[in-house]
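We name chains A, B, ... by the order of the sequence lines, and we start the count at 1 in each one.
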Amino acid sequence: MTDPYEILGVARSAIAEEIQKAYRRLAKKLHPDLNPGDRKSEERFKEVSAAYALLSDPEKRRQFDSGEIDASGAERPRERYYRDFAAEGAAGHPYENRSGYADFTEGDDIFSELLRRHAQEARRARGRDLLYRLSVEFLDAVNGATKRLSLPEGGSLELAIPPGVQDGQVLRLRGKGAPSPGEGEPGDALVEILINPHRFFTRQGDDIHLDLPVTLAEAVLGGQVRAPTPTGSVVLTVPKGSNTGAVLRLKGKGVPRSGGRGDEFVRLKVMLPIEPDPELEAFLANWAPGPDYDPRRDLQP
Amino acid sequence: MIIAKLEFLERARLDRETLDLWIEEEWLIPARRAPELAFSEVDLARAELIRDLTRDLGVNDAGVGVILNLVDQVHGLRKALADVLQSMRERSARSDAAASKGEDRDRS
């Protein structure tokens, strides 16, 4: 960068007010957002801004004057200016304003006709889509529910959560977004669904997985146990000799999908009594398992 | 691209109170309202313009609203003008093409 004093056109002895005045005079002419049709001045404005950033800070100016730092300022470079967005297509941004030429659309020549068409398109532009995020309970996501989403700007939205909704799925509420700036349709409300984890169910696609604790007796002798499912508990037959890790399938007890439901997979987990049990200990002390009973057989190196 | 509120504050170098004020004045219209405010790149670029105006150019609050309104009108005008120019160019290209077709026919 060249000499910042030169860029701003001030003397090295200039006081702060003079520097500010010089900057403001230049910025008015060069700021890209205040001169949207001027493509040539952007570089110049960046230089002017950097020079001003340096000289308007007394400490930096002192360091520069005494040669401690050079003029290559540390000012973060601006990536894009507002005008770059404002110039984008008709569905651009919420700040559009057409009142600057509304009166020109009234004549009956070709220019009025073109402007009229332009204004009409703008008037018919849809309102913006508004984005929301809603966390729902695991079971509400599986079974469906109706939720009320209260909006920070006041009011609320009624939202029917379809059974089997997926984590991250976006529900569209037609017409519940921002109103059109003109006479067009309002935008939509887009609600992203976040599903809270459940205490004991997990979900994989349309299937529900559950670890079901069973007693030693239920595992060895078999029996009927109650197992929770998303729609209430059911009686499950544990076959005789079921081990930890055995998986039983409850058909149709999973997540609703088109044309039915997924399944629930129940993985058994054999639990010993929490308190030490002298009878069990006495029994096992005298119990000799068969020669094939080596649960660590597969771990032999 | 959606920018979360905290990232927006950081990138626009703003504090919360100032941001709230700008939203209240409708200088900024956030892209998302719930559960947390969020913004788009156009809001960020606009925030930088507002900051330039208030900090470096010494414009007061009343002036900012006036300037933003005029800047948005200028953009509306520029877009309308670009549209009209585009249509005119297409028209003249069509009539040129028609004219040269006519010449071809005359020649044959």
Side-chain angles (χ1 to χ4, degrees), chain A residues 20 23-24 27-28 31-37 49 52-53 56 76 78-90 92-102 104-105 110-111 113-115 117-119 121-122 128-135 149-153 157 178 190-191, chain B residues 1-2 4-5 10-13 20 23-24 26-53 55-59 67-92:
Chain A
Q20 189 184 57
Y23 168 76
R24 286 181 179 171
K28 204 164 51 186
H31 194 299
D33 282 333
L34 303 177
N35 302 276
S49 298
Y52 181 62
S56 61
R76 236 190 299 184
R78 185 89 143 250
E79 293 141 37
R80 287 178 87 183
Y81 288 91
Y82 177 61
R83 68 170 181 193
D84 300 327
F85 295 93
E88 277 167 7
H93 58 83
Y95 305 111
E96 288 202 47
N97 188 329
R98 316 233 160 208
S99 53
Y101 62 92
F104 291 156
T105 61
I110 169 165
F111 295 102
E113 167 63 29
L114 289 172
L115 283 171
R117 218 185 303 154
H118 184 85
E121 265 168 43
R128 277 210 304 171
D129 291 343
L130 295 179
L131 308 169
Y132 299 95
R133 215 175 243 176
L134 178 70
S135 48
L149 178 70
S150 45
L151 309 179
E153 59 264 47
L157 279 180
L190 302 176
V191 185
Chain B
M1 262 307 283
I2 289 287
K5 184 179 178 182
E10 209 268 327
R11 283 175 68 188
R13 284 167 283 174
D20 289 345
I23 292 171
E24 198 182 304
E26 292 186 341
W27 297 347
L28 287 179
I29 305 173
R32 176 155 84 196
R33 306 275 188 169
E36 262 262 281
L37 291 177
F39 300 85
S40 59
E41 296 286 338
V42 57
D43 300 320
L44 186 65
R46 195 172 163 95
E48 298 214 49
L49 168 59
I50 299 171
R51 216 167 33 87
D52 285 351
L53 291 174
R55 192 195 57 183
D56 295 339
L57 289 163
V59 178
I67 289 171
L68 288 177
N69 181 40
L70 289 174
V71 165
D72 287 333
Q73 282 195 41
V74 170
H75 285 299
L77 278 165
R78 283 177 57 80
K79 239 184 238 182
L81 183 59
D83 252 28
V84 169
L85 286 176
Q86 174 72 17
S87 299
M88 297 302 288
R89 285 193 190 111
E90 279 164 15
R91 249 166 224 257
S92 88

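Scanning both residues, A:Tyr95 and B:Ile29, for their nearest heavy atoms gives OH-N, 2.8 Å.
Neither the backbone nor the side chain of A:Leu190 has a heavy atom closer than 4.5 Å to any heavy atom of chain B. In this structure, the portions of B:Leu28 lying under 4.5 Å from any heavy atom of chain A include both its backbone and its side chain. In this structure, chain A has a heavy atom under 4.5 Å from the side chain of B:Val74, while its backbone stays farther away. Contacts between B:Asp52 and chain A at a heavy-atom distance below 4.5 Å involve the side chain alone, from C-beta outward.
Ranked by heavy-atom pairs under 4.5 Å with chain A, the first of B:Ala45, B:Ser87, B:Ala80 is B:Ala80.
Rounding to the nearest 0.5 Å places NZ of B:Lys79 at 11.5 Å from CG of B:Leu77. The structure places CD1 of B:Ile67 at 7.5 Å from CG of B:Leu57, a figure rounded to the nearest 0.5 Å.
Within a 6.0 Å sphere centred on CD of B:Glu90, heavy atoms belonging to other residues, nucleotides or ligands number more than 12.
The existence of a salt bridge linking B:Arg11 and B:Asp43 is excluded, since no basic side-chain nitrogen approaches an acidic carboxylate oxygen closer than 4.0 Å.
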